[in-house]
Colleague: 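Below is one structure. I have some questions about it.
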Amino acid sequence: MTTTEQSIYKEITDKLKDAPKNVLERVLGYVDGVLDIKDNQYLHELKMQIREDYTEYRSGKSALIDIEEAEKNIENSISRDED
């Protein structure tokens, strides 16, 4: 792992170390989706959506989403992009 990768890994680990299970499941869904994505445009859109979701969550404007709903949305988006 490069120094940059180690730094990013440590930052992610630090931010998630005290997160509740439902947040960790949500993050895992995003990570799985990102790792499966082959189209850079979709990856950019997903990153923007993640930032928006996180900003809304941190501001208290939205509750956490249902993990099954998130997984279904990711699977649908990936399937759409593979067609």
Side-chain angles (χ1 to χ4, degrees):
M1 217 185 292
T2 68
T3 304
T4 302
E5 291 168 336
Q6 288 175 344
S7 174
I8 292 169
Y9 179 81
K10 182 179 180 337
E11 184 177 350
I12 291 169
T13 303
D14 289 345
K15 287 182 178 186
L16 295 176
K17 69 181 176 187
D18 296 323
K21 180 182 176 186
N22 55 354
V23 171
L24 296 174
E25 289 172 339
R26 184 175 177 190
V27 170
L28 181 58
Y30 283 131
V31 170
D32 286 344
V34 169
L35 292 175
D36 288 340
I37 295 171
K38 294 174 181 64
D39 180 51
N40 284 336
Q41 178 59 32
Y42 180 73
L43 177 58
H44 176 72
E45 291 172 10
L46 181 59
K47 286 180 181 179
M48 295 302 293
Q49 184 63 49
I50 291 168
R51 287 185 185 114
E52 288 174 23
D53 288 349
Y54 184 70
T55 300
E56 286 186 16
Y57 166 72
R58 294 289 290 175
S59 69
K61 293 180 181 174
S62 73
L64 294 175
I65 62 172
D66 183 292
I67 190 66
E68 286 84 18
E69 179 184 341
E71 288 174 346
K72 180 180 171 187
N73 289 340
I74 290 170
E75 288 173 12
N76 288 341
S77 295
I78 291 171
S79 295
R80 212 177 33 238
D81 288 340
E82 289 177 351
D83 293 338

Colleague: Taking side-chain hydrogen bond (donor to acceptor under 3.5 Å, both in side chains) as the test, write out the residues that go with Ser59, two or more places apart.
Modeller: none

Colleague: Once side-chain hydrogen bond (donor to acceptor under 3.5 Å, both in side chains) is applied, do any residues pair with Asp18, and if so which ones, sequence neighbours excluded?
Modeller: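 For Asp18 there are no side-chain hydrogen bond (donor to acceptor under 3.5 Å, both in side chains) partners, ignoring immediate neighbours.
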
Colleague: Can you list the residues that meet the side-chain contact (heavy atoms from CB on, under 4.5 Å) rule with Gln6, with sequence neighbours excluded?
Modeller: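 side-chain contact (heavy atoms from CB on, under 4.5 Å) list for Gln6, sorted by chain: Met1.
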
Colleague: Which residues pass the side-chain hydrogen bond (donor to acceptor under 3.5 Å, both in side chains) test with Lys15, sequence neighbours left out?
Modeller: Glu11

Colleague: Under the rule for salt bridge (charged side-chain N to carboxylate O under 4.0 Å, His left out), what residues qualify as partners of Lys21, not counting sequence neighbours?
Modeller: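 Applying salt bridge (charged side-chain N to carboxylate O under 4.0 Å, His left out) to Lys21 gives Glu25.
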
Colleague: Only counting residues at least two apart or in another chain, list the ones meeting side-chain hydrogen bond (donor to acceptor under 3.5 Å, both in side chains) with Lys10.
Modeller: Asp14

Colleague: Using the side-chain contact (heavy atoms from CB on, under 4.5 Å) criterion, which residues pair with Ile12? Sequence neighbours excluded.
Modeller: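 Testing Ile12 for side-chain contact (heavy atoms from CB on, under 4.5 Å), a comparison that skips the adjacent residues, returns Ile8, Leu16.
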
Colleague: Transitively linked via ILVMFWY side-chain contacts under 4.5 Å: Ile50 with Leu28?
Modeller: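 Ile50 does not cluster with Leu28.
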
Colleague: Taking side-chain contact (heavy atoms from CB on, under 4.5 Å) as the definition, give me every residue that meets it alongside Thr13, ordered by chain and number, with sequence neighbours left out.
Modeller: Tyr9

Colleague: Could you pull out all residues at least two apart from Gln49 that satisfy side-chain contact (heavy atoms from CB on, under 4.5 Å)?
Modeller: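 Checked Gln49 against side-chain contact (heavy atoms from CB on, under 4.5 Å); matches are Glu52, Asp53.
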
